[in-house]
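Reading through the structure tokens given below for one structure.
Order of listing sets the numbers, starting from 1, for every ligand and every atom in it.
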Amino acid sequence: MEKPDLIIRSSRVVTPETVRPASVHIRNSVIAALGEWDKIPSDVSLFDAGDAVVMPGLVDAHVHVNEPGRTAWEGFTTATRAAAAGGITTLVDMPLNSIPPTTTQTGFAEKLAAANGQCWIDTAFWGGVIPGNTNELKPLLENGVRGFKCFLVHSGVDEFPHVTETNLLEAMPELARLNSVLLVHAELAEPIETATEKLKDKNPNDYQTFLQSRPREAENKAIELMIRLCRETGARVHIVHHSSSDVLPLLKAAREEGLPLTVETCPHYLTFAAEEIPDGATHFKCCPPVRERENREKLWAALADGVIDMIVSDHSPCTPNLKLLETGDFLKAWGGIAALQFSLPVMWTQIEKRGFGLRELTRWMSAAPAKLAGLDKRKGRLEIGYDADIVIWHPEKEFKVVPEIIHFKNKITPYSGMNLHGVVEATFVRGAKVYDKGRFVEKASGTFL
Ligand SMILES: [Zn+2]
């Protein structure tokens, strides 16, 4: 065998099958071999991680980078550096909140130009389905988007309008033909409008008011619609940031029926509970909302059961003024939670407590999202031939979330002040170290996937 460029070894290397002492041999950016822990050639560069966990880097398939156009909210440099510091080695950028959105070829070209030279990790892109852009889907896919996102309710930004069933009946057969995937923000407008109408006299600073304004029914009806359209059109459907536990049995049945349907949820739905969110704490606002404790427990059961496939951040920051923290008005504040740097420790803190382990962590946060984005031939596993995307971290070490350690642009996060388990030591992308104990390499070397 040819000499590796680098060997990373540890007493805890996570492969799809086991966690064991091993050495990861890297050559030409990919994993060339998984060797014995103690068989290290004498003249090879060695990163000895001791007993730190050596694991595939996380793949975060749901990140709003917002550049170009809303770069004050987040940008590629800050987002990808925060990701690297959090053990994420690939992110997939969402098509909206940037201006222009990634719904046309020219929009995508502008996005790529903006991201160029600014990505510290590997970066891929989702396109968008909006009313009337069916003709753009094929060329967008040919130019490299990994699939398409749509909304069934107002997206929060006017330049990314939501679709109706009529629009979907045009776009989904095209996506089926292209063998692409449709990511769906699954809330319908009508139950939200009806609920909001009844809340006119309620205090908008009260979390309960916001929660009632985004009832489970909005998600439930949207999921029913998407299961039906998935069946009718044959297009692959992926439900983003799922929150309502009511429809987990429906999703389970749809999967047992063999429909091409996958589901993600996010760290905030698995960590927080509506009962515990303080009034006026708009940094907890996201749509669909964080629901009750009992709902959260059912999401965990669905993960264990395989009905929910993966956990992704839905990092969706904004500038502090838009969070309206001074007035605490939940109904008017921007909905979106910023936390991509902390996905790994947030989830590890929960996973550990609930009796799951490192293999579930990599399945939910590396392998499954890689597969969704069509990257599962090269990302998301420590296996021969895969990209040497590796996070080295200490599950037993603790840290506190404080603004000084946050690398994303706007430091407002609901995890502020929390003690989390899991400290990232170093992150490698395709065999090159990009982050090491609080420091980044000087130059961005992430590629577009
Ligand atoms: Zn999102």
Side-chain angles (χ1 to χ4, degrees), residues 58-67 69-70 73-76 79 82-83 88 90-99 101-103 111 123-130 145-163 181-188 192 214 218-219 222-223 226 237-244 262-270 272 282-291 299 308-318 322-323 333-343 346 365 369 372-373 408-410 412-414:
L58 304 192
V59 176
D60 191 340
H62 194 149
V63 180
H64 296 268
V65 178
N66 305 330
E67 186 172 5
R70 289 194 180 88
W73 294 15
E74 190 64 277
F76 282 99
I88 298 164
T90 299
L91 71 76
V92 194
D93 172 60
M94 278 292 168
L96 71 156
N97 299 355
S98 57
I99 308 172
T102 315
T103 49
K111 172 88 82 173
T123 304
F125 303 87
W126 298 117
V129 168
I130 57 170
V145 304
R146 312 302 310 180
F148 299 89
K149 162 98 175 273
C150 74
F151 275 70
L152 301 179
V153 65
H154 193 282
S155 71
V157 293
D158 293 332
E159 69 279 359
F160 196 97
H162 66 277
V163 292
V181 59
L182 181 66
L183 282 64
V184 184
H185 179 120
E187 283 184 297
L188 288 186
I192 295 171
R214 308 290 293 211
E219 276 194 86
I223 297 285
M226 289 319 302
V237 170
H238 175 75
I239 307 298
V240 296
H241 49 52
H242 188 70
S243 171
S244 168
T262 50
V263 185
E264 71 182 36
T265 192
C266 308
H268 35 277
Y269 302 119
L270 296 165
F272 302 122
T282 53
H283 44 307
F284 286 86
K285 177 178 175 178
C286 59
C287 298
V290 170
R291 302 190 187 280
L299 293 177
I308 297 177
D309 302 83
M310 67 193 78
I311 305 165
V312 292
S313 73
D314 192 10
H315 178 69
S316 185
C318 63
L322 298 174
K323 272 296 186 190
W334 170 257
I337 282 178
L340 103 147
Q341 188 181 336
F342 303 115
S343 289
V346 162
M365 302 189 79
L372 172 69
F408 48 82
K409 191 170 276 180
N410 292 293
I412 295 172
T413 173

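A donor-acceptor pair is defined here as one N or O able to donate and one able to accept, closer than 3.5 Å; no such pair exists between the side chain of E264 and the backbone of H238.
Not counting sequence neighbours, E67 has no partner by the salt bridge (Lys or Arg N to Asp or Glu O under 4.0 Å) test. Take A83 and apply the side chain to side chain contact (heavy atoms under 4.5 Å, CB included) test, not counting sequence neighbours, and it matches I88, L91, I121, L340. Take F272 and apply the ring-ring contact (aromatic ring centres under 6.0 Å, His included) test, not counting sequence neighbours, and it matches F284, Y415.
Proximity of R291 to E219: side-chain heavy atoms (C-beta onward) are separated by under 4.5 Å at one or more points.
Between H185 and F151, the ring planes are parallel. Angles under 30° get that label, and only those over 60° would be called perpendicular.
Distances from the Zn ion (ligand 1) under 2.8 Å pick out these protein N/O/S atoms: H62 NE2, H64 NE2, D314 OD1.
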